[in-house]
Trainee: 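Below: one structure in structure tokens.
Values below: all heavy atoms of this structure, side chains included; hydrogens, waters and symmetry mates excluded. Residue numbers start at 1 and run along the sequence shown.
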Amino acid sequence: MRTRVIAATLSDHIKSSDHIFIMGHTNSDLDAVGAAVGMWAAVTKGLDRRASIVIDKGRSMATTLINAFEHQPEYENMFITPQEALDRCTQRSLLIVVDTHSTSFVESQEVLKAIPRVVVIDHHRMMVTHIENAIIFYHEPYASSASEMVAELVQYINSSALNKKEATALLSGIMLDTKNFVLKTGVRTFEASAYLKRRGADTVEVKKMFANSLDTYKERSQLVAGAEVYKGCAIACSNWEFPNVRIAAAQAADELLSIQGVRASFVIFRVGNEIAISARSLGDVNVQILLEEFGGGGHLNMAGAQIKNSTTNDVRKALIRVLDEKLSEATKKNN
């Protein structure tokens, strides 16, 4: 019932807007881009309004999904840069933020400030830095993904709005955040996936989006091979930077969870002048609570953080201190 009410209210705001901008989080993944694509379809085909997805393609981890839509006539100008959004937005524009609710993690803080009317659709645990002026704040921390939430909304906005490609994009977001329907899945997750399948979602195409280059596979394997286990947490460090390091680190964090006795995993790696942490858990450790100590955030099972002016070794030592101080708290709060 709540989703139906949200969908009706959102439709009214969309119809009263001259241009709808859709934006995810920085370093966007398949869930952020998939949810954005789903909302784009609902707005443009379901409600016949202009819409654009604001994204920095150079920093995105979902380039395979973006490439599937680019250079096709029906999706011309679907993706735009933050600067293009600033040039086009007006006081009657509407911004829909998906897969994050934090002002610190949005793709462009300038776009967020420039558009007065904001809608938030997110499933992450509430943070202090949440967007406060949203006209709709659709927050479901028990949802598997933002793509699941968007799939539900689209059914009430216009159930026939999605075609095969767009449904596949949403399904890729669900499969990413649930680790192929292993984590954070509920009845609504499978109902949303069933709807996407009826709209033509292709699981084989989703599988291809998760494919890696040989170099990325090798780097991921090196990260896993060099990991240590401390208090039931696997910790891996990379002192070198390489292409697709974010993807390799995220996948290494996932793979480390398959080691017997490991309840959570942390991969520390360098990106430019910053040190990043990618964290995962099987559910009995709340990794978001732990990474909030580094200014990061995310979800109970998946979180990340970026630290400036540090080294991988210093961050590793700091992480061990946090585990000593906060691990029991993170486990207790989750239970």
Side-chain angles (χ1 to χ4, degrees), residues 19-45 50-88 95-100 105-108 110-112 121-122 145-151 154 161-177 196 199-213 215-216 242-251 271-272 276 278 302 304:
H19 197 131
I20 290 81
F21 297 92
I22 306 163
M23 181 170 69
H25 55 75
T26 184
N27 303 313
S28 55
D29 56 13
L30 289 174
D31 187 30
V33 178
V37 168
M39 282 309 309
W40 179 91
V43 171
T44 59
K45 297 193 290 184
R50 289 191 304 159
S52 303
I53 298 174
V54 182
I55 193 167
D56 182 350
K57 288 180 282 189
R59 293 173 61 89
S60 177
M61 295 191 292
T63 53
T64 53
L65 180 54
I66 295 171
N67 292 338
F69 288 93
E70 284 199 311
H71 311 303
Q72 297 190 35
E74 63 179 308
Y75 299 112
E76 187 177 3
N77 298 321
M78 180 185 194
F79 298 103
I80 63 173
T81 66
Q83 185 57 52
E84 288 174 322
L86 291 172
D87 294 338
R88 299 179 189 181
L95 175 64
I96 302 177
V97 177
V98 297
D99 203 30
T100 185
F105 296 152
V106 293
E107 185 76 84
S108 171
E110 290 77 14
V111 172
L112 179 63
I121 303 171
D122 188 33
S145 56
S147 293
E148 175 189 321
M149 297 173 68
V150 169
V154 173
L162 299 177
N163 64 17
K164 178 179 178 179
K165 290 179 70 68
E166 295 145 7
T168 300
L170 280 167
L171 185 60
S172 72
I174 294 176
M175 292 180 68
L176 173 72
D177 274 17
L196 296 175
R199 298 305 303 165
D202 190 337
T203 52
V204 175
E205 288 300 316
V206 174
K207 178 68 174 177
K208 291 178 181 178
M209 293 180 194
F210 289 94
N212 296 316
S213 67
D215 288 339
T216 302
F242 51 88
N244 295 324
V245 61
R246 291 186 181 276
I247 295 175
Q251 293 177 348
V271 180
S278 185
M302 183 187 307

Trainee: Below 4.5 Å, heavy atoms only, C-beta onward: do Ile22 and Leu95 meet side chain to side chain?
Mentor: no
Trainee: So Glu110 and Pro82, do their side chains get closer than 4.5 Å, heavy atoms only?
Mentor: no
Trainee: Side chains of Asp202 and Thr168: any donor to acceptor distance under 3.5 Å?
Mentor: no
Trainee: Output yes when a side-chain donor or acceptor of Lys164 lies under 3.5 Å from a complementary backbone atom of Ala201, and no otherwise.
Mentor: no
Trainee: I'd like to check Ile55 versus Ser28 (side-chain heavy atoms, cut-off strictly below 4.5 Å). Are they in contact?
Mentor: yes
Trainee: For Asp122, enumerate each residue passing the side-chain hydrogen bond (donor to acceptor under 3.5 Å, both in side chains) test, keeping only those at least two apart in sequence or located in another chain.
Mentor: His101, His124
Trainee: State whether Glu107 and Arg59 are salt-bridged, where the test is any N-O pair (Lys NZ or Arg NE/NH1/NH2 against Asp/Glu carboxylate O) under 4.0 Å.
Mentor: no
Trainee: Check whether the side chains of Thr81 and Gln83 place a donor and an acceptor atom closer than 3.5 Å, and report yes or no.
Mentor: no
Trainee: Looking at every heavy atom in both Leu170 and Ala35, which two are closest together, and how far apart are they?
Mentor: CD2-CA, 3.8 Å
Trainee: Return the orientation label for the Tyr75 and Trp40 ring planes: parallel under 30°, perpendicular over 60°, tilted otherwise.
Mentor: tilted
Trainee: For Glu70 and Phe79, which heavy atoms make the closest approach, and how far apart are they?
Mentor: CG-CD1, 4.1 Å
Trainee: Looking at Ala32 and Gly24, what are the two nearest heavy atoms and their distance?
Mentor: CB-CA, 4.5 Å
Trainee: In the structure I gave you, are the side-chain heavy atoms of Glu205 and Leu171 within less than 4.5 Å of one another anywhere?
Mentor: no
Trainee: Closest approach of Ala68 and Lys165, non-hydrogen atoms and distance?
Mentor: O-NZ, 2.9 Å
Trainee: For Asp215, give me all partners under salt bridge (Lys or Arg N to Asp or Glu O under 4.0 Å), at least two apart in sequence or on another chain.
Mentor: none
Trainee: How about Asn163 and Glu74: do any of their side-chain heavy atoms sit closer than 4.5 Å?
Mentor: yes
Trainee: Which heavy atom in Ser172 sits nearest to a heavy atom in Val206, and how many Å separate them?
Mentor: CA-CG1, 3.8 Å
Trainee: Name the one of Val54, Ile53, Asp99, Thr100 that satisfies side chain to side chain contact (heavy atoms under 4.5 Å, CB included) with Met23?
Mentor: Val54
Trainee: Do Phe69 and Val37 make a side-chain contact, defined as non-hydrogen atoms from C-beta onward lying under 4.5 Å apart?
Mentor: yes
Trainee: Any ion pair linking Glu166 and Arg199 (charged N to carboxylate O, less than 4.0 Å)?
Mentor: no
Trainee: Quick one: does Ser52's side chain get under 4.5 Å of Arg88's, heavy atoms only?
Mentor: yes
Trainee: Nearest heavy-atom pair of Gly34 and Leu65: which atoms, and what distance?
Mentor: N-CD2, 3.8 Å
Trainee: Taking the side chain as everything from C-beta on, heavy atoms only, tell me whether Phe105 gets closer than 4.5 Å to Asn27.
Mentor: no
